[in-house]
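Down below is the structure, laid out as structure tokens.
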Amino acid sequence: RLWKNRFVSGVLMKMGSFRACLGTTLVFVVFELCRVCCDITDGNAEHLKREHSLMKPYQGVGSQWDFSGSTLVTSSYVRLTPDERSKQGSIWNTVPCYLKDWEMHVQFKVHGTGKKNLHGDGIAIWYTKDRLHPGPVFGNQDQFLGLAIFLDTFRNDLHGMDRSFPYISAMVNNGSLSYDHGKDGRSSELGGCSAEIRNRDHDTYVAIRYSKGRLTVMVDVDDKNEWKECIDIGGVRLPTGYFFGASAATGDLSDNHDIISMKLYQLMVEHTPEEENLDWTKIEPSVSLLKSPKDNIDDPTGNFRGTPLTGWKVFLLLLCALLGIVVCAVVGAVVFQKRQERNKRFY
């Protein structure tokens, strides 16, 4: 009995040391976890830039925003084209954007009396060097410099039956490319997805994010308050100092093309000293990788912050796993000690 008591006492002393060690480790892990979470939160902080945003009741129209063509500004929406044939309209920010990392949220509405496949043509969201230049590409000029996101509602290429319309696509142009309407822009398309955006009874949104050379386009068109990935392209280079805008056009077929709001957010992202010293206004729009692996990310909260796993996120996952192991070890140690105390009282 004496030998057993000494054995139990030795085990308890070792368990006490083990618990102290585990407690220290747990405090360190929790501290590191909180520090990493703060870094991630700070890095994804978003700030609305009102000088680049268009919102009800559209007080900035005339000073910060110009419009042309058939565009009609009301207190509830900006109608780029009415449901009439052969119309073109656009609205453009007058302030050049010098943000390196940004995210644009566009609420829009496409609706009309035309039945299935008897409507057109669609809306384009622009980030380009020039503005207020009407032309054949959804009401804007061809061979533009910059980025375009097309919300195309009409199929021109009758041989391209591998996709359904409406169809959302992206194009980056250095001024040398032409948009091929007959092929629905396939030759210059960087990526795209089908989305039911027409005649919806609820709000429809598209979000365009450009950060650290990555272009991501998300849609929220199913009244679920969640973003769904449409396009994810790496190796994209866009300069600063360009203008945001939106345009639309109708042909033999027509629709109402409305912009409800355009909200630009600045993304707080760290850049290397070399990137900070670079003259971003001199960058030529280009894409080094035409295709990149897609990471399907759905955020049920509606926050458009999803990105592929980075080194920090992998580290965070490993810390969470370590935290789980430590907690299990502490619980096991406590249970073991309680059992030993019961055995000691028994003897």
Restricting to non-hydrogen atoms, name the atom on [X] and the atom on [Y] that form the minimum distance, rounded to 0.1 Å.
X: Gly139; Y: Gln88; answer: CA-CD, 3.8 Å
X: Ile123; Y: Phe138; answer: N-CD2, 4.1 Å
X: Ile259; Y: Met262; answer: CG2-CG, 3.8 Å
X: Ser286; Y: Val172; answer: N-CG1, 3.7 Å
X: Ile125; Y: Ala246; answer: CD1-CB, 4.0 Å
X: Arg163; Y: Arg155; answer: O-NH2, 2.7 Å

According to a hydrophobic-cluster definition based on side-chain heavy atoms being under 4.5 Å apart (Ile, Leu, Val, Met, Phe, Trp, Tyr only), do [X] and [Y] belong together?
X: Val206; Y: Leu190; result: yes
X: Leu80; Y: Leu132; result: no
X: Ile260; Y: Phe67; result: yes
X: Leu147; Y: Val219; result: yes

Answer yes or no: is there a side-chain heavy-atom contact under 4.5 Å between [X] and [Y]?
X: Asp66; Y: Arg131; value: yes
X: Lys263; Y: Met55; value: yes
X: Arg209; Y: Met218; value: no
X: Leu99; Y: Leu264; value: yes
X: Phe108; Y: Thr204; value: yes
X: Tyr98; Y: Thr281; value: yes

Can any side-chain N or O of [X] pair as donor or acceptor with the backbone N or O of [Y] at less than 3.5 Å?
X: His119; Y: Arg198; value: no
X: Asp184; Y: Asp157; value: yes
X: Asn173; Y: Ser176; value: yes
X: Tyr77; Y: Lys56; value: no
X: Asp130; Y: Phe144; value: no
X: Asn256; Y: Asp83; value: yes
X: Lys87; Y: Thr71; value: no
X: Asn93; Y: Ser53; value: no
X: Trp280; Y: Gly241; value: no
X: His111; Y: Arg200; value: no

Pair Asp180-Arg186, side chain to side chain contact (heavy atoms under 4.5 Å, CB included): steps then yes or no: CA-CA 7 Å; Asp180 187 354; Arg186 281 177 178 261; over 6 Å; no
What do you reckon, is [atom1] of [X] surrounded by more than 12 foreign heavy atoms closer than 6.0 Å?
X: Glu270; atom1: CD; value: no
X: Lys100; atom1: NZ; value: yes
X: Asp279; atom1: CG; value: yes

Short N-O contact, Asp232 and Arg214, less than 4.0 angstrom: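 Salt bridge: yes.
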Side-chain ion pair, Lys228 and Asp222, N-O less than 4.0 Å: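 Salt bridge between Lys228 and Asp222, a charged N being under 4.0 Å from a carboxylate O: no.
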May I ask you to check whether [Y] and [X] place their ring centres under 6.0 Å from each other?
X: Tyr265; Y: His105; value: yes
X: Phe243; Y: His52; value: no
X: Tyr127; Y: Tyr210; value: no

Parallel, tilted or perpendicular, as decided by the 30° and 60° cut-offs, for the rings of Trp102 and Phe244: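 Because their plane-to-plane angle is over 60°, the rings of Phe244 and Trp102 count as perpendicular.
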Whether Tyr179 and Phe150 hold their rings parallel, tilted or perpendicular, with breakpoints at 30° and 60°: tilted
Partner of Leu151 by side-chain contact (heavy atoms from CB on, under 4.5 Å), out of Val110, Ile197, Val106: Ile197
Euclidean distance, [Y] [atom2] relative to [X] [atom1], rounded to 0.5 Å:
X: Glu51; Y: Thr94; atom1: CD; atom2: OG1; value: 10.0 Å
X: Leu253; Y: Arg85; atom1: CG; atom2: CZ; value: 7.5 Å
X: Ser178; Y: Gln143; atom1: OG; atom2: CD; value: 4.0 Å
X: Lys109; Y: Arg79; atom1: NZ; atom2: CZ; value: 9.5 Å
X: Trp92; Y: Thr128; atom1: CH2; atom2: OG1; value: 3.5 Å
X: Ser90; Y: Trp65; atom1: OG; atom2: CH2; value: 11.0 Å

Worked verdict on Met171 versus Val137 for side chain to side chain contact (heavy atoms under 4.5 Å, CB included): CA-CA 12 Å; Met171 177 181 178; Val137 184; over 6 Å; no
Worked verdict on Ser169 versus Asp152 for side-chain hydrogen bond (donor to acceptor under 3.5 Å, both in side chains): CA-CA 8 Å; Ser169 64; Asp152 192 350; over 6 Å; no
Polar contact flag, side-chain donor to acceptor under 3.5 angstrom, Ser70-Thr81: no
Pair listing, side-chain hydrogen bond (donor to acceptor under 3.5 Å, both in side chains) test, anchored in residues 242-251, at least two apart: Trp126-Ser247
Full working for side chain to side chain contact (heavy atoms under 4.5 Å, CB included) between Asp255 and Asp121: CA-CA 7 Å; Asp255 255 337; Asp121 283 324; over 6 Å; no
Full working for side chain to side chain contact (heavy atoms under 4.5 Å, CB included) between Arg237 and Glu284: CA-CA 7 Å; Arg237 288 173 59 83; Glu284 181 179 279; over 6 Å; no
